[in-house]
**Student:** 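This is the structure I want to talk about, given as structure tokens.
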Amino acid sequence: MISVKEAKKIISNNITLLSEKRLPLIESNGKLLREDIYSPIDLPPFNQSSVDGYAFCFDEWKKANKLTIEGEVQAGNTSNTVITNHTAVRIFTGAPIPFGTDTVVMQEKTTEENGILNIDDNTIQKGSNARIKGAELKKGSLAVRKDTLINAASIAFLAGMGIPEVLAIPNPAVSIIITGNELQQIGDDLTSGKIYDSNSFALTAALHKQKIFDINIIYVKDNLDSISEALKKCIEQSDLILLTGGVSVGEYDFVIRASENCGVKNLFHRIKQRPGKPLFFGKKDNSIIFGLPGNPASVLTCFYEYVLPALEKMTGQIHSLKKINSPIMNEFKKAAGLTHFLKGWYDGKVVRILEGQESYKLSSFAQANCLVIIDEDETESTEGDMVELHLLP
Ligand code: AMP
Ligand code: MG
């Protein structure tokens, strides 16, 4: 068995970014950009007014001190208006500044009398309230850098340049293989000796929370051939494969043997931790494989502690749980040897370990907002001790 730290290191060292792909601009939201993007146009694309007011030629006005109001330009005007001497044009925000003018005065700082404009603005200068073509970005200059995480603002910025698609890291295609002869589907009456499958729901919901929606779920019986066949198919089509159950040492635990059958490289099996001791991690071609234990609390703990960091390496996005330190409210005792991940409630100041930590119980997990990490070597913690928390999404 390896330590939690070693397991995390192995995961980190064995996963690289998924292949980049050209994505429609809106689908790149939240993803890692894999190209430098240069603007194909000037921004703004023409000289435009930043206020509602009047456009005029500053030097002409200074000379004549009088402006006659003539015509107007609205936003979206395409007529390329040309202005002659001593004329002020009614103009609106975003409208092109007519040729022959260079300055705009806000309408609030003007008065009009018999078609003559009076300007009452002692701060006005040549070029006031004019957004000059290319002032934000010149055509051909760097707009967004490679390896930026794309957000709403960068999408809008790129849309403003008329860019329809970008090269980015897509989200992974995920397969979930649920093993267990005892499992039944929701909707069927529960027969004796059976339980409802909850792991597929846990993993699907947790993946959805990470905005991963390309998920294929397969149910298989505890049978070496069925698991091997399902795994083989998933390796061909998925970036990430999550199996649940059948990863321990019982006679009906076939996940390790199935992964050997499929030529999966075993990178680790079994970690010094509770819950989730039997966790398996492997790799085959471009697929990453996690054999998660069957117990529901182990599944989620392993997902949060190991699958999320793996997703982070695959996508370049931030997936891992946020870590903080907090004083603990209750006593805790354990034997040295295993790292414990305990379901806890953090109220913003202190953390309380919840009742019901056994790996078959989801009741505590369903209330928890963090995992409390008690290291391998630790044997007890008392009230007020500082502990590490991983905040749940
Ligand atoms: P296993 O690792 O296959 O031995 O399973 C460990 C425990 O988890 C057993 O009690 C299983 O019945 C339970 N279990 C396995 N798979 C699921 C599942 N998909 N949903 C709920 N419980 C499960
Ligand atoms: Mg099983």
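Since the structure is predicted, the reported quantities are computational estimates derived from the model, not experimental observations. Numbering of ligands and ligand atoms starts at 1, following listing order.
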**Student:** For ligand 1, is there an N or O atom under 3.5 Å from any N or O atom of Ser200?
**Tutor:**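 No; the residue has no nitrogen or oxygen that sits under 3.5 Å from a nitrogen or oxygen of the ligand.
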**Student:** With atom 2 (O) of ligand 1 as the reference point, say which of Ser298, Pro278, Gly294, Gly291 has the nearest heavy atom.
**Tutor:**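 Going through Ser298, Pro278, Gly294, Gly291 one by one, Gly294 has the nearest heavy atom to atom 2 (O) of ligand 1.
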**Student:** Please list the nearest protein heavy atom to atom 7 (C) of ligand 1 with its residue and the distance rounded to 0.1 Å.
**Tutor:**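 The closest one turns out to be Asn295 OD1, 3.3 Å.
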**Student:** With heavy atoms under 4.0 Å as the rule, classify the contact between Leu183 and ligand 1 as side chain, backbone, both or neither.
**Tutor:**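 Side chain only.
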**Student:** For ligand 1, is there an N or O atom under 3.5 Å from any N or O atom of Glu182?
**Tutor:**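 For ligand 1, there is an N or O atom that lies under 3.5 Å from one belonging to Glu182.
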**Student:** Measure the distance from atom 21 (C) of ligand 1 to every protein heavy atom, then report the residue, atom name and distance (to 0.1 Å) of the closest one.
**Tutor:**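 Ranked first by proximity to atom 21 (C) of ligand 1 is Ser198 OG, 3.5 Å.
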**Student:** Tell me: protein heavy atom nearest atom 4 (O) of ligand 1, and distance?
**Tutor:**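 Sorting protein heavy atoms by distance from atom 4 (O) of ligand 1 puts Asp253 OD1, 4.1 Å first.
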**Student:** Suppose we measure from atom 18 (C) of ligand 1 to each protein heavy atom; which comes out shortest, and what is that distance?
**Tutor:**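 Looking at atom 18 (C) of ligand 1, the protein heavy atom closest to it is Asn199 ND2, 3.1 Å.
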**Student:** Residues two or more places apart in sequence or in another chain: which of them pass side chain to side chain donor-acceptor pair (under 3.5 Å) with Ser326?
**Tutor:**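 Here no residue qualifies.
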**Student:** Report, in ascending order of atom number, the atoms of ligand 1 lying under 4.0 Å from any heavy atom of Ile178.
**Tutor:**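 Taking each heavy atom of Ile178 in turn, ligand 1 has 19 (N) under 4.0 Å.
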**Student:** Are there more than 12 heavy atoms of other residues, nucleotides or ligands under 6.0 Å from atom NZ of Lys361?
**Tutor:**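 Enclosed: over 12 neighbouring heavy atoms sit under 6.0 Å from NZ of Lys361.
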**Student:** Taking atom types as modelled and ignoring hydrogens, do the side chains of Asn171 and Gln317 form a donor-acceptor contact shorter than 3.5 angstrom?
**Tutor:**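 Side-chain D/A pair, Asn171 to Gln317: present.
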**Student:** Checking side-chain polar atoms at under 3.5 Å, does Thr93 have a donor or acceptor matched by the opposite partner on Asp52?
**Tutor:**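 Side chains of Thr93 and Asp52: pair found under 3.5 Å.
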**Student:** Below 4.0 Å from any atom of ligand 1, is there a heavy atom belonging to Gly246?
**Tutor:**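 So Gly246 counts as touching ligand 1.
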**Student:** Is the backbone N or O of Gly127 less than 3.5 Å from a side-chain atom of Thr103, with the two atoms forming a donor-acceptor pair by type?
**Tutor:**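 Judged by distance alone, yes, a pair lies under 3.5 Å.
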**Student:** Just to verify, what does Glu35 make a side chain to side chain donor-acceptor pair (under 3.5 Å) with, not counting sequence neighbours?
**Tutor:**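 By the side chain to side chain donor-acceptor pair (under 3.5 Å) rule, Glu35 matches Arg22.
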**Student:** Considering the heavy atoms of Ile195, write down every atom of ligand 1 situated less than 4.0 Å from one of them.
**Tutor:**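 Answer for ligand 1: 12 (O), 21 (C), 22 (N), 23 (C).
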**Student:** Are Thr191 and Gln184 linked by a side-chain donor-acceptor pair shorter than 3.5 Å?
**Tutor:**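 Looking only at side-chain atoms, Gln184 and Thr191 do form a donor-acceptor pair, the distance falling under 3.5 Å.
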**Student:** Any atoms of ligand 1 less than 4.0 Å from a non-hydrogen atom of Asp197? List them with their elements.
**Tutor:**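 So the answer, numbered in order with elements, is 18 (C), 19 (N), 20 (N).
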**Student:** Do you know which of His390, Glu312, Glu305 makes side chain to side chain donor-acceptor pair (under 3.5 Å) with Ser320?
**Tutor:**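 Answer after filtering His390, Glu312, Glu305: Glu312.
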